[in-house]
Amino acid sequence: KALTNSTSSPTNKEVPKSALMAASPPHKLSPSTSVESDSTSIANTQLEYVSPTTSSTTNTTSPTASPTSLQECKCSDLISLIREHSTFDDDKINTFEDDITNYLQQQDVDGETLSNTPRKSFSQALVDSTNKKKIRGAGNKTWDRLMKFDFSSISQ
C-alpha cells in the first residue's frame with residue numbers, strides 16, 4: 001500500500017522499511033564465502049523469499065487440480081483424457097491414438113488452442129503431419145468428443 005500511495009504524499013521519500021524489504025530481491029552474498037556455501041545460502045534465501053508469496057496462490061489453484069473446461073486443459077491434460085477416459089475408447093480413435101497424442105505433444109496444443117481450431121482444420125493438420133489420410137475420421141471424432149466432454153465427470 002505504501003508504494004502505491006506514494007504519489008499522493010507530498011514526498012516520495014517516506015516508504016516503510018517493510019515495503020522495501022518485500023520488494024527487494026534476496027540479499028547479496030559476500031565474495032569471501034565459498035561456492036558451496038553460496039549455493040546453499042542462495043537456495044535457503046530463495047525458499048524464504050518465495051514461500052510467503054506462493055502459499056496464498058497454492059490455496060486457490062492446485063497444480064494437480066483437474067481442469068473444469070476444455071479451455072483450462074494443458075496439452076498433458078488432453079493427452080491423458082484421450083489415453084485414459086472411456087469416452088475416447090473407440091476403434092477408430094484407438095487405431096490412431098499414438099499419432100494423435102504425438103501430434104498434440106509436438107505442436108503443444110492446449111485446450112484453448114483446440115477450442116479455437118475448426119474441426120476440419122484439426123483433422124487436416126493430423127493428415128498433413130502423419131501422411132495418413134485415414135486419420136481424418138479419428139481426428140474428427142477426437143475433436144468432437146473433446147468439444148462435448150463433460151469435465152465435471154473428472155473433477156476431484
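The shown structure was predicted, so the numbers you read here are calculated from the model rather than taken from an experiment. Counting from 1, the numbers follow the sequence of the chain as shown.
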Check: What closest approach, in Å, do C75 and D108 show between heavy atoms, and which atom pair accounts for it?
Finding: CB-OD1, 3.6 Å
Check: Okay, side chain of W143, backbone of T117: is any donor-acceptor separation there less than 3.5 Å?
Finding: yes
Next item on the list: Quick one: do Q124 and D128 satisfy side-chain hydrogen bond (donor to acceptor under 3.5 Å, both in side chains)? Show the steps, please.
Entry: CA-CA 6 Å; Q124 186 60 48; D128 294 342; 2.8 Å; yes
Note to self: One pair to check against side-chain hydrogen bond (donor to acceptor under 3.5 Å, both in side chains): D150 and S153. What are the steps and the verdict?
What the structure shows: CA-CA 6 Å; D150 178 18; S153 68; 4.8 Å; no
Item checked: F151 vs L70 side-chain heavy atoms within contact, under 4.5 Å -> yes
Margin query: Are the side chains of Y103 and F96 in contact, using a 4.5 Å heavy-atom criterion?
Written below: no
Check: What residues form a side chain to side chain donor-acceptor pair (under 3.5 Å) with K92, not counting sequence neighbours?
Finding: none
Note to self: If you compare all heavy atoms of T101 against all heavy atoms of I79, which two are closest, and at what distance to 0.1 Å?
What the structure shows: O-CD1, 3.7 Å
Checklist line | Partners meeting side chain to side chain donor-acceptor pair (under 3.5 Å) with D77 (sequence neighbours left out) | finding: none
Margin query: Any non-hydrogen side-chain atom of T95 less than 4.5 Å from a side-chain atom of I135?
Written below: no
Item checked: Contact summary for L81 and F149, nearest pair of heavy atoms -> CD2-CZ, 3.5 Å
Next item on the list: Flag the pair M147 / L114 as yes when at least one side-chain heavy-atom distance between them is below 4.5 Å, and no otherwise.
Entry: yes
Checklist line | T130 side chain vs L126 backbone, donor-acceptor pair below 3.5 Å | finding: yes
Note to self: Quick check for you: to the nearest 0.5 Å, what is the distance between I100 atom CD1 and S123 atom OG?
What the structure shows: 8.5 Å
Item checked: Contact check, side chains of E112 and C73, non-hydrogen atoms, under 4.5 Å -> no
Next item on the list: Could you tell me which non-hydrogen atom of F88 sits nearest to which non-hydrogen atom of I82, and how far apart they are?
Entry: CB-O, 3.6 Å
Next item on the list: Using a cut-off of 6.0 Å, state whether more than 12 heavy atoms not belonging to D91 lie near its atom CG.
Entry: no
Notebook entry, point to check: For E84, which residues count as a side chain to side chain donor-acceptor pair (under 3.5 Å) partner, sequence neighbours excluded?
Noted result: none
Item checked: Side-chain heavy atoms of F122 within contact of L104, under 4.5 Å -> yes
Note to self: Considering only residues two or more places apart or on different chains, which pairs with a residue in residues 96-107 satisfy salt bridge (Lys or Arg N to Asp or Glu O under 4.0 Å)?
What the structure shows: R83-E97, R83-D98, D99-K132
Check: Residues in side chain to side chain donor-acceptor pair (under 3.5 Å) with S129, at least two apart?
Finding: none
Notebook entry, point to check: Is there a side-chain contact between D144 and R119 (heavy atoms, below 4.5 Å)?
Noted result: yes
Item checked: With sequence neighbours excluded, residues passing salt bridge (Lys or Arg N to Asp or Glu O under 4.0 Å) with D90 -> K141, R145
